[in-house]
Amino acid sequence: MNLAHLLQRQARMAPEQPAIFLGTHKVATHGQWAKRCQHLAAQFQAAGLQPGDRVALFMRNHVRYLEVMFAAWWAGLAVVPINAKLHLREAQWIIDNAQARWAFVTADITSETGDSLQSLEQVIDVDSAQADALWHGAEGAADTPIHERASDDLAWLFYTSGTTGRPKGVMITHRNLMTMGLAYFSDVDGLAPRDTIAYAAPMSHGAGIYAIPHLMAGARHMVPPSGGFDPAELFALGQQIGPLSMFAAPTIVKRLVDHAEAAGLTTNTCGQSFKTVVYGGAPMYAADIQRALRVMGPRFVQIYGQGESPMVGTALSRQHLQDTAHPRYAERLASVGVAQTPVRIRVTDAQGQDLPLGEVGEVLIQGDSVMAGYWRNPEATAHAIQNGWLFTGDMGCLDADGFLTLKDRSKDLIISGGSNIYPREIEEVLLHAPGVAEVAVVGAPDPEWGEVVVAFVVPQAGHTLDTHALDALCLQEIARFKRPKRYEVVSSLPKNNYGKVLKTVLRQQLG
Ligand code: AMP
């Protein structure tokens with residue numbers, strides 16, 4: 001099975017159906033999209049690219065992202081997505097590690113340093129005349145058949161954002177992405193041809209592969225002209241072309257809600273702009289999702305996954321988020337939901353033994369969404385996948401209804417005086433304090449306790465924080481031994497390109 005068959009199927013069934021948009025401007029129907037992919041695939045083959053070869057995409061969000069991605073699959077190649085915010089040297093490292101032969105780039109990110117990418121046979125700026133020539137004549141191209149691929153062949157070589165050490169290439173197969181696409185329908189949302197996915201988050205990550213379920217349903221794909229996340233633009237585009245679906249990290253959800261609130265939008269008006277906002281990738285605090293539901297209405301679904309099982313782990317559905325009368329609603333809201341249909345989830349101790357319900361251990365995932373392994377790294381693969389189970393490195397616990405609550409990454413766990421402390425619990429409390437905008441809790445080395453709890457707190461604009469009041473709030477809400485021994489009031493938190501707080505950097509600051 002080759003993912004390109006999904007495009008061919010839509011092109012046959014609904015060739016005239018609008019498929020790709022730049023804002024409100026239609027760029028391609030399904031028929032045109034498929035023709036362009038066939039044409040590009042023919043040129044990959046003519047240039048000697050062989051099935052299984054890698055093509056890197058070092059591009060900001062762009063309508064041609066979708067065309068290159070499916071053209072590569074059409075020719076039997078694998079795509080290497082590279083986050084547009086990476087430094088050129090980091091991108092070069094990935095290109096070398098993946099031994100990519102061609103790269104498609106957007107000039108704005110490659111020309112910044114004046115250097116250029118090396119060791120590639122072709123570097124094509126998708127906005128250049130060279131690209132136009134490649135695309136040119138695509139509509140009339142002769143039929144290039146889709147190159148047959150086995151389901152377990154490589155489709156997407158995704159480099160983990162890795163906040164420490166070198167990134168690893170996660171081998172995602174056609175089967176993995178097909179499973180992810182179908183799980184969208186079973187666990188996230190229904191879709192119809194009139195629906196539109198907006199690419200506001202980086203297409204090099206989960207947001208980009210959400211093209212697959214939308215293509216399965218013959219829905220529309222829209223890249224905002226800004227190429228990224230601009231709340232005012234997205235609200236306006238949704239009004240113009242119909243309610244949008246999109247993936248957003250929790251920080252982005254927060255900004256969307258801030259915008260809706262500041263503009264005084266009603267939940268109904270929000271519904272004209274957004275159908276579904278799928279959030280995940282980092283913890284969503286209970287207070288934040290409650291506010292989002294209050295301001296924007298029931299348009300949210302949470303997912304938990306990781307590069308190694310992309311977008312497929314658990315889901316907290318729209319229904320669960322709305323079921324406020326449920327006796328365990330508060331617990332569910334703080335959870336990441338239940339295992340998505342194609343996977344099983346377990347929580348185990350360090351020896352891989354199942355833990356009783358409620359006990360915190362490592363989260364394991366098994367199913368057809370789990371990667372084939374790390375690229376040319378059998379040691380790391382053997383460590384991550386044991387007896388068919390993916391060891392996620394996330395810590396969590398299951399309840400009797402199957403809801404998984406994440407505590408933290410195993411490396412974020414603080415052990416103070418022999419007691420385990422999960423930073424998330426403290427963060428949830430401190431976020432309730434008036435005047436607090438953001439919080440990150442980490443452990444600092446301590447000669448007496450092993451580690452002590454330190455809270456980095458960002459005040460809301462115009463607020464001065466009283467750390468005694470924060471301490472009093474902690475005493476009221478959580479066990480004494482968990483409360484921070486120290487507060488660091490800072491103006492912002494270090495974050496990676498996907499908006500995740502870099503706790504490693506915070507820990508380094510503490511020595
Ligand atoms: P990545 O491989 O870059 O997608 O990062 C995956 C990691 O992000 C997971 O292993 C979790 O630690 C975290 N993560 C993903 N989804 C969620 C979620 N819904 N809530 C909390 N953390 C999450």
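Whatever order the structure lists ligands and atoms in, that order sets their numbers, starting from 1. Since we're looking at a predicted model, the values are computed, not measured.
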Show every donor-acceptor pair shorter than 3.5 Å between a side-chain atom in residues 354-375 and any protein atom, with sequence neighbours excluded, or say none if there are none.
{"from": "D354", "atom 1": "OD1", "to": "R346", "atom 2": "NE", "distance (Å)": "2.8"}
{"from": "E362", "atom 1": "OE2", "to": "T392", "atom 2": "N", "distance (Å)": "3.4"}
{"from": "E362", "atom 1": "OE2", "to": "G393", "atom 2": "N", "distance (Å)": "2.7"}
{"from": "S369", "atom 1": "OG", "to": "S309", "atom 2": "OG", "distance (Å)": "2.8"}
{"from": "Y374", "atom 1": "OH", "to": "E308", "atom 2": "OE2", "distance (Å)": "2.7"}
{"from": "W375", "atom 1": "NE1", "to": "N97", "atom 2": "O", "distance (Å)": "2.9"}

Review point. Can you find an N/O atom of Q306 closer than 3.5 Å to an N/O atom of ligand 1?
Key: yes

Review point. Which is it for T160 and ligand 1 at heavy atoms under 4.0 Å: side chain, backbone, both or neither?
Key: neither

Check your understanding: Taking both backbone and side-chain atoms of K500, is any N or O found less than 3.5 Å from an N or O belonging to ligand 1?
Key -> yes

Check your understanding: Which of the atoms in ligand 1, numbered in the order shown and given with their element, are less than 4.0 Å from a heavy-atom of Q302?
Key -> 18 (C), 19 (N), 20 (N)

Study note, to complete from the structure: Under 4.0 Å between heavy atoms, the region of A282 that gets near ligand 1 turns out to be backbone

**Study point:** Residue pair N176 / T173, side-chain donor-acceptor N/O under 3.5 Å
**Key:** yes

Check your understanding: Under 6.0 Å from the six-membered ring centre of Y285 and within 45° of its axis: does the NZ or CZ of R291 meet both?
Key -> no

Exercise for review: Take the angle between the ring planes of W73 and F70 and call it parallel below 30°, perpendicular above 60°, tilted in between.
Suggested key: perpendicular

Point to revise | T314 to ligand 1, any heavy atom closer than 4.0 Å | key: no

Check your understanding: Of the listed options (A249, G280, A315, G281), which comes nearest to atom 14 (N) of ligand 1 when hydrogens are ignored and any heavy atom counts?
Key -> G281

Review point. Any idea which atoms of ligand 1 are less than 4.0 Å away from a heavy-atom of G307?
Key: 1 (P), 2 (O), 4 (O)

Practice item. Check whether any N or O atom of L406, backbone or side chain, sits under 3.5 Å from an N or O atom of ligand 1, and answer yes or no. Key: no

Review point. Does ligand 1 have an atom that lies less than 4.0 angstrom from a heavy atom of M284?
Key: no

Practice item. Please check if any side-chain donor atom of D323 sits under 3.5 Å from a side-chain acceptor atom of Q319, or the reverse. Key: no

Check your understanding: If you measure only the distance, is there a donor-acceptor pair under 3.5 Å linking the side chains of T276 and R318?
Key -> yes

Check your understanding: Once you round to the nearest 0.5 Å, how far does CZ of R54 lie from CG of L157?
Key -> 7.5 Å

Review point. Which class fits the ring pair Y159 and W93: parallel under 30°, tilted 30 to 60°, perpendicular over 60°?
Key: perpendicular

**Study point:** ligand 1 N/O within reach of D394 N/O, cut-off under 3.5 Å
**Key:** yes

Exercise for review: Using a strict cut-off of 4.0 Å, indicate which atoms of ligand 1 neighbour a heavy atom of G305.
Suggested key: 6 (C), 9 (C), 15 (C), 16 (N)

